[in-house]
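Worksheet: one structure, shown below.
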Number of protein chains: 2
Amino acid sequence: MPETGSSLATRLRLAVVRLNRRLRAQRTSSSVTLTQLSAMSCLYKCGPLSPGELAAKEGVQPPSMTRVISSLEEAGHVTRAPHPSDGRQAIVSLSDQGREYIRADISAREAWLDQRLSELDEQERETLSRAAEIIDRMAGH
Amino acid sequence: MPETGSSLATRLRLAVVRLNRRLRAQRTSSSVTLTQLSAMSCLYKCGPLSPGELAAKEGVQPPSMTRVISSLEEAGHVTRAPHPSDGRQAIVSLSDQGREYIRADISAREAWLDQRLSELDEQERETLSRAAEIIDRMAGH
DNA sequence: GGCATATCGTTAGCATACCTCACGATCTCG
DNA sequence: CGAGATCGTGAGGTATGCTAACGATATGCC
């Protein structure tokens, strides 16, 4: 048990809570929130998904995703289309505008984080890179 | 540029957002939320603090901390006392009950995370440990 | 001493982001 | 062709942040 004062779970929890707060506080002039951006990133990487699949990948309940999708659709960043063979399901796709938006906005939103990362040395960035992969795997991805 | 598809900032952001969601979703039967637990942990480590100092350490604005403290005081986990020489300030201390609570509750709340961590190998835990330290430093501590 | 100003904590009001519960529409299977 | 499962959504509640504004106290300048 390495005695840095607290358990790994405690230190990791505190670190994640605080960084998450900082990230949410980065208000770009844009109207897209961090949660919405996360969902869009998912569509960007995975392609069109149903609301349920998207909720599962993001680790939220379906009703929560409904509202995220509605906001994004209203903004024109995603489109809802009926499933060809299953009338219950829908298919959410990133629109061209949404795709364009991601490329343009992520860098702005992440300016604060990029700045902090650039102040680290290469070894520390490598540690964070590996940690990000491990966390994503732990969080169920 | 390692081609895992996205920049380090993007991957780290997504990982933190998701793990934070998972941690908040761990509902112990207890009434203390993750934010409240974070504040209590701070008092546990730093000793009595004024509301303003606590807000600064947690990286939130004073009004946000006011509510957290009020809830914790109502639950009997912390106490508010007047500052001996400065009538504007107050001093927030962890009560004995609060101290007891932290010891008993953290392990329950972190059961999910502990379980996930135990599934990793030692090298991965070491990576997360270093990452937690780096993140805490980046987030301004 | 006395008033202008700064600081501290709080109140008030707002936005976001989750949740659970309940419901309607649709599919599937006996 | 009805019973039950599945999918998406609506309603309502809670937690967690924010900014703006306010009252109380401290400080400092004349």
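Chain A is the first sequence line, chain B the second, and so forth, proteins listed ahead of strands; every chain is numbered from 1.
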### Message
Students often get this wrong, so: under 4.0 angstrom with heavy atoms, is P51(B) touching a base, only sugar-phosphate, or nothing?
### Response
sugar-phosphate

### Query
Is E122(B) atom CD crowded by more than 12 heavy atoms from other residues, nucleotides or ligands, each under 6.0 Å away?
yes

### Interatomic distance, L34(A) CG vs dT16(D) P [rounded to whole Å]
17 Å

### Message
Check this one for me: any side-chain N or O of S50(B) less than 4.0 Å away from OP1 or OP2 of dG9(C)?
### Response
yes

### Task
Taking all non-hydrogen atoms of both residues into account, name the closest pair between L128(A) and I134(B) and its distance.
CD1-CG2, 3.9 Å

#### Entry: Rounded distance in Å - CD (E53(A)) to C1' (dT6(D))
13 Å

### Query
Nearest-Å distance, CD1 (I69(B)) to P (dA15(D))?
17 Å

### Message
For a quick test of reading the model: is some side-chain N or O of T66(B) closer than 4.0 Å to OP1 or OP2 of dT10(C)?
### Response
yes

#### Entry: Test side-chain contact (heavy atoms from CB on, under 4.5 Å) applied to L54(B) and V68(B), V78(B), L49(B), the passing residue
L49(B)

### Message
Quick check on dC18(C): is either OP1 or OP2 less than 4.0 Å from any side-chain nitrogen or oxygen of R24(A)?
### Response
yes

### Message
Tell me which one of S38(B), S41(B), S64(B) satisfies side chain to side chain donor-acceptor pair (under 3.5 Å) with E58(B).
### Response
S38(B)

### Distance-only side-chain donor-acceptor flag, S70(B) / R80(B), under 3.5 Å
yes

### Message
Quick check for you: among dT11(C), dT20(C), dC8(C), whose closest atom lies nearest to any side-chain atom of Q89(B)?
### Response
dC8(C)

### Message
Would you say T33(B) places a side-chain N or O within less than 4.0 Å of OP1 or OP2 belonging to dT14(D)?
### Response
no

### Task
Indicate whether OP1 or OP2 belonging to dT16(D) is found under 4.0 Å from a side-chain N or O atom of T35(B).
yes

### Task
Check whether any side-chain nitrogen or oxygen of R67(B) sits under 4.0 Å from OP1 or OP2 of dG13(C), and answer yes or no.
no

### Task
Quick one, give me the B/S/- string for nucleotides 23-30 of chain C, reading 5' to 3', where B means a protein heavy atom under 4.0 Å from the base and S means that only happens at the primed atoms, P, OP1 or OP2.
---BS---

### Query
Whole-Å distance between dT16(D) C1' and L23(B) CG?
15 Å

### Query
Do any side-chain nitrogens or oxygens of R21(B) fall under 4.0 Å of OP1 or OP2 in dC18(C)?
yes

### Query
Hey, any chance L113(A) and L8(B) share a hydrophobic cluster, counting ILVMFWY side chains that come within less than 4.5 Å of each other, even indirectly?
yes

### Task
Take the protein atom CD of Q36(A) and the nucleotide atom P of dA15(C), then report the distance between them rounded to whole Å.
15 Å

### Task
Applying salt bridge (charged side-chain N to carboxylate O under 4.0 Å, His left out), run through E133(B) and R137(B) and close with a yes or a no.
CA-CA 6 Å; E133(B) 189 272 326; R137(B) 185 149 36 86; 3.1 Å; yes

### Query
Starting at CD of E58(B) and ending at C1' of dG17(D), how long is that distance when rounded to a whole Å?
13 Å

### Query
When the distance from CG of L54(A) to P of dT9(D) is rounded to whole Å, what number comes out?
11 Å

### Query
How close or far is atom P of dG17(D) from atom CZ of R22(A), stated in whole angstroms?
12 Å

